[in-house]
Amino acid sequence: MFSNIKIASRMNNIRPFYVMELLARARELESSGRSIVHMEIGEPDFPTPEPIVLAGKAALDLGHTRYLPATGLPELKTQIAAFYQTRFGVSVDPASVIITPGSSGALQLVMSVLIEPGESVLMADPGYPCNRHFVELVGGVPKCIPVGHETGYQLTAELVNEALTPDTKAVMVATPSNPTGTVLSREELTAIYTAVKAHGGVLIVDEIYQGLIYGTTGTTALALGDDLFVINSFSKYFGMTGWRLGWMVAPLAYVSAIDRLAQNIFISSSSLAQYAAIGAFSAECTELLEQRRAAFRKRRDYLLPALTGIGFKIASVPQGAFYLYADCSAFSDDSFRFSSDLLETVGVAITPGRDFGDNQPERHIRFAYTTDIPKLKEGVDRITDFLRKPLSRV
Ligand SMILES: Cc1ncc(COP(=O)(O)O)c(C=O)c1O
């Protein structure tokens with residue numbers, strides 16, 4: 001047996017995704033015959049759109065299975081630049097587009113090229129938990145600022161200005177956000193950008209849910225200038241989670257350093273996925289994706305009042321992504337226990353607040369509407385039942 005185990009200390013702060021434990025338990029229950037309503041999963045239930053799958057199959061037939069340039073397939077970079085022009089009227093130089101293995105790859109690259117050991121990155125709490133870890137992996141210090149419904153669970157320029165210290169290198173925002181689905185207004189985003197620049201720092205904007213904004217097509221932070229980093233992904237709006245493909249638009253001055261690093265740590269993002277993703281920008285695919293966006297909006301419009309109607313508090317109406325971040329303190333002061341009881345008793349899987357930070361996680365849970373309305377209704381019925389019969393709780 002190997003007895004000399006020495007795991008590096010940088011791993012000490014890397015927390016697990018607690019939802020994975022719940023997911024594993026949900027799968028176990030399912031395999032023993034229980035029916036489970038999944039409202040925990042942060043990935044669309046829709047399959048990858050056919051035009052993308054067909055482009056992928058064609059790429060295989062043509063033998064496109066070799067390494068590509070580290071920053072990505074030129075044709076795909078051009079398509080992404082054209083997407084910004086068509087959708088937002090923003091001109092992007094294809095040379096500033098870097099294709100990555102999921103947006104997770106982009107986050108790893110951006111933190112590595114920007115952050116010196118000891119430098120800090122400001123971000124909102126609750127927020128996407130991996131961001132803290134990406135900063136820590138390069139020796140940086142994530143500074144998670146508690147945010148609440150007063151600011152739509154987003155950072156504001158005022159909060160940023162209060163938290164800036166000489167060691168602050170970057171500020172990171174996500175719009176729409178995971179877990180709250182809230183969107184930063186153009187005005188607030190501009191004010192944050194101005195505050196970060198005045199400090200001499202860099203703004204990083206995670207737009208991976210940008211395609212899933214309801215009621216408007218939203219905007220991109222790239223409209224503000226070309227001296228900020230924008231992260232995006234083929235995972236969510238484009239329905240390609242398992243293909244592992246994302247991108248970043250970086251200031252041109254950083255591209256050569258990012259290229260060098262991408263060559264070393266990734267060599268290339270998946271060739272097959274990149275050729276497939278070219279199919280994502282066809283008119284046919286855009287039409288399908290827009291139908292899906294409308295379907296997600298209908299789900300939100302069903303689930304939000306259904307949950308508040310049975311006593312959850314959802315203070316900020318989410319304008320995007322596929323999440324509702326709810327206060328469950330009317331029912332429990334331990335959201336992890338609440339999530340686990342809900343799963344065991346009535347077979348509804350949700351995500352406990354502790355996956356998203358340290359800002360009152362015990363009173364929050366996240367519902368994902370990545371399942372169809374009949375299943376969401378079934379989930380709400382089961383939760384209603386659970387809440388009515390406190391004695392039946394585990
Ligand atoms: C806010 C946010 N950023 C980044 C990611 C990473 O996604 P991917 O690597 O699939 O692009 C996720 C995944 O859920 C997310 O919610």
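Because the structure is a prediction, the values reported are computed rather than measured.
- Side-chain polar atoms of T308 and K313 form no donor-acceptor pair below 3.5 angstrom.
- Within the model, atoms CG of L303 and CD1 of I373 stand 9.0 Å from one another, a figure rounded to the nearest 0.5 Å.
- From S316, atom OG reaches atom OH of Y325 across 11.5 Å, with rounding to the nearest 0.5 Å.
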Review point. Where do D333 and R363 land on the salt bridge (Lys or Arg N to Asp or Glu O under 4.0 Å) test, with the steps shown first?
Key: CA-CA 6 Å; D333 56 8; R363 60 188 296 161; over 6 Å; no
Exercise for review: Please report the C-alpha distance between V110 and M248 in whole Å, then the side-chain angles of each, then the deciding distance to 0.1 Å, and finally whether the side chain to side chain contact (heavy atoms under 4.5 Å, CB included) criterion is met.
Suggested key: CA-CA 9 Å; V110 75; M248 130 168 84; 4.1 Å; yes
**Study point:** Stepwise salt bridge (Lys or Arg N to Asp or Glu O under 4.0 Å) check, R297 with D301
**Key:** CA-CA 6 Å; R297 182 185 181 170; D301 292 346; 3.8 Å; yes
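- Side-chain contact between I278 and Q274: absent, with no pair of heavy atoms (C-beta onward) separated by less than 4.5 Å.
- Contact record, V317 with T182: O-CG2, 4.3 Å, taken as the closest heavy-atom pair.
- Legend: salt bridge (charged side-chain N to carboxylate O under 4.0 Å, His left out) pairs involving residues 87-99, not counting sequence neighbours, sorted by first then second residue: R87-E290.
- Contact of the L73 side chain with the I99 side chain is not registered, since no non-hydrogen atoms from C-beta on lie closer than 4.5 Å.
- Between F331 and F312, a ring centre-to-centre spacing shorter than 6.0 Å is recorded.
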**Study point:** Pair D167-K143, salt bridge (Lys or Arg N to Asp or Glu O under 4.0 Å): steps then yes or no
**Key:** CA-CA 11 Å; D167 65 14; K143 285 202 180 151; 3.5 Å; yes
Review point. Between T241 and K236, is a side-chain hydrogen bond (donor to acceptor under 3.5 Å, both in side chains) present by the stated rule, with each step listed?
Key: CA-CA 7 Å; T241 44; K236 313 288 179 167; over 6 Å; no
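- Defined by atom type and a distance below 3.5 Å, a donor-acceptor pair is present between the side-chain atoms of T220 and E207.
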Check your understanding: Yes or no on side chain to side chain contact (heavy atoms under 4.5 Å, CB included) for F338 and L342, after CA distance, side-chain angles and deciding distance?
Key -> CA-CA 6 Å; F338 182 78; L342 203 56; 4.3 Å; yes
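- The neighbour count for Q263 CD, taken as heavy atoms of other residues, nucleotides or ligands under 6.0 Å away, is above 12.
- Through side-chain heavy atoms spaced under 4.5 Å, either directly or across other Ile, Leu, Val, Met, Phe, Trp or Tyr residues, I213 is tied to V183.
- L324 and F336 sit in two unconnected hydrophobic clusters of ILVMFWY residues. Membership requires side-chain heavy atoms under 4.5 Å apart, directly or through other members.
- How far CG of L137 is from CE of M111: 11.0 Å, rounded to the nearest 0.5 Å.
- Within a 6.0 Å radius of CD in E158, other residues, nucleotides and ligands contribute 12 heavy atoms or fewer.
- Clustering ILVMFWY residues whenever any of their side-chain heavy atoms sit less than 4.5 angstrom apart, transitively, puts I258 in a cluster other than the one holding I267.
- Counting heavy atoms from C-beta outward, H199 and V196 have side chains that stay 4.5 Å or more apart.
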Exercise for review: Take R366 and I350 through the test side chain to side chain contact (heavy atoms under 4.5 Å, CB included) and record every step on the way to the result.
Suggested key: CA-CA 6 Å; R366 187 194 75 179; I350 54 170; over 6 Å; no
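- Judged purely by distance below 3.5 Å, without hydrogens or angles, the side chains of R132 and N13 never pair a donor atom with an acceptor atom.
- Atom CG of D327 is surrounded by more than 12 heavy atoms from other residues, nucleotides or ligands within 6.0 Å.
- With contacts defined as side-chain heavy-atom distances shorter than 4.5 Å, the pair V121/N131 does not qualify.
- Cluster membership check: F386 shares its hydrophobic cluster with V37, using side-chain heavy-atom separations under 4.5 Å among Ile, Leu, Val, Met, Phe, Trp and Tyr.
- Cluster membership check: I7 shares its hydrophobic cluster with I14, using side-chain heavy-atom separations under 4.5 Å among Ile, Leu, Val, Met, Phe, Trp and Tyr.
- Two residues are said to be in side-chain contact when any heavy atoms from C-beta on lie closer than 4.5 Å; L54 and I52 fail this criterion.
- In the hydrophobic cluster analysis, where Ile, Leu, Val, Met, Phe, Trp and Tyr join through side-chain heavy atoms closer than 4.5 angstrom, L164 is grouped together with V205.
- Looking at F367 and I314, their side chains never come closer than 4.5 Å, going by heavy atoms from C-beta outward.
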Practice item. With salt bridge (Lys or Arg N to Asp or Glu O under 4.0 Å) as the test, would you mind laying out the steps for K57 and D61 before giving the verdict? Key: CA-CA 6 Å; K57 284 184 176 164; D61 290 342; over 6 Å; no
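- A salt bridge is defined here as a Lys NZ or Arg NE, NH1 or NH2 lying under 4.0 Å from an Asp or Glu carboxylate O, and R299 with D45 meets this definition.
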Check residues 24-31 and write down every donor-acceptor pair under 3.5 Å in which the side-chain atom is one partner and the other belongs to a residue at least two apart or another chain.
unit_1: R25; atom_1: NE; unit_2: E344; atom_2: OE2; d: 2.7
unit_1: R25; atom_1: NH1; unit_2: E28; atom_2: OE2; d: 2.4
unit_1: R25; atom_1: NH2; unit_2: E344; atom_2: OE1; d: 3.0
unit_1: E30; atom_1: OE1; unit_2: H38; atom_2: NE2; d: 3.3
unit_1: E30; atom_1: OE2; unit_2: H38; atom_2: NE2; d: 2.9
unit_1: S31; atom_1: OG; unit_2: R27; atom_2: O; d: 3.4
unit_1: S31; atom_1: OG; unit_2: E28; atom_2: O; d: 2.9

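- A salt bridge links R337 with D341; the closest basic N to acidic carboxylate O contact falls under 4.0 Å.
- When all heavy atoms of I231 and I204 are compared, the closest pair comes out as CG1-CG2, 4.0 Å.
- Checked against a 6.0 Å centroid threshold, the rings of F238 and F281 count as neighbours.
- Interatomic distance, L159 CG to I192 CD1, rounded to the nearest 0.5 Å: 8.5 Å.
- Scanning all heavy atoms of the two residues, the minimum distance from S120 to T165 falls at OG-OG1, 4.3 Å.
- Here I36 contributes atom CD1 and E378 contributes atom CD; the two are 11.0 Å apart, rounded to the nearest 0.5 Å.
- Other residues, nucleotides and ligands contribute over 12 non-hydrogen atoms within 6.0 Å of the CD atom of Q85.
- Looking at every heavy atom in both residues, A330 comes nearest to G311 through CB-O, 4.1 Å.
- Nearest heavy-atom pair, A273 versus L245, reported as atom, atom and distance to 0.1 Å: O-CD2, 3.4 Å.
- Note: I41 CD1 to L22 CG = 11.5 Å, rounded to the nearest 0.5 Å.
- In this structure, S235 and E43 have side chains that are not in contact, with every pair of non-hydrogen atoms separated by 4.5 Å or more.
- Using a 4.5 Å heavy-atom cutoff, the side chains of L376 and D372 are not in contact.
- Taking both residues in full, the closest heavy atoms of G118 and V141 are given as O-CG2, 3.9 Å, listed atom of the first, atom of the second, then distance.
- For F356 and Y323, the ring centers are positioned 6.0 Å apart or more.
- Side chains of W243 and T48: a donor on one and an acceptor on the other come within 3.5 Å.
- Test F46, Y237, Y209 against F322 for ring-ring contact (aromatic ring centres under 6.0 Å, His included) and you get one pass: Y209.
- Using the six-membered ring where Trp is involved, Y214 and Y369 have ring planes that are tilted, between 30° and 60° apart.
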Point to revise | Residues L107, C130; criterion side chain to side chain contact (heavy atoms under 4.5 Å, CB included); working and verdict | key: CA-CA 9 Å; L107 289 163; C130 306; 5.9 Å; no
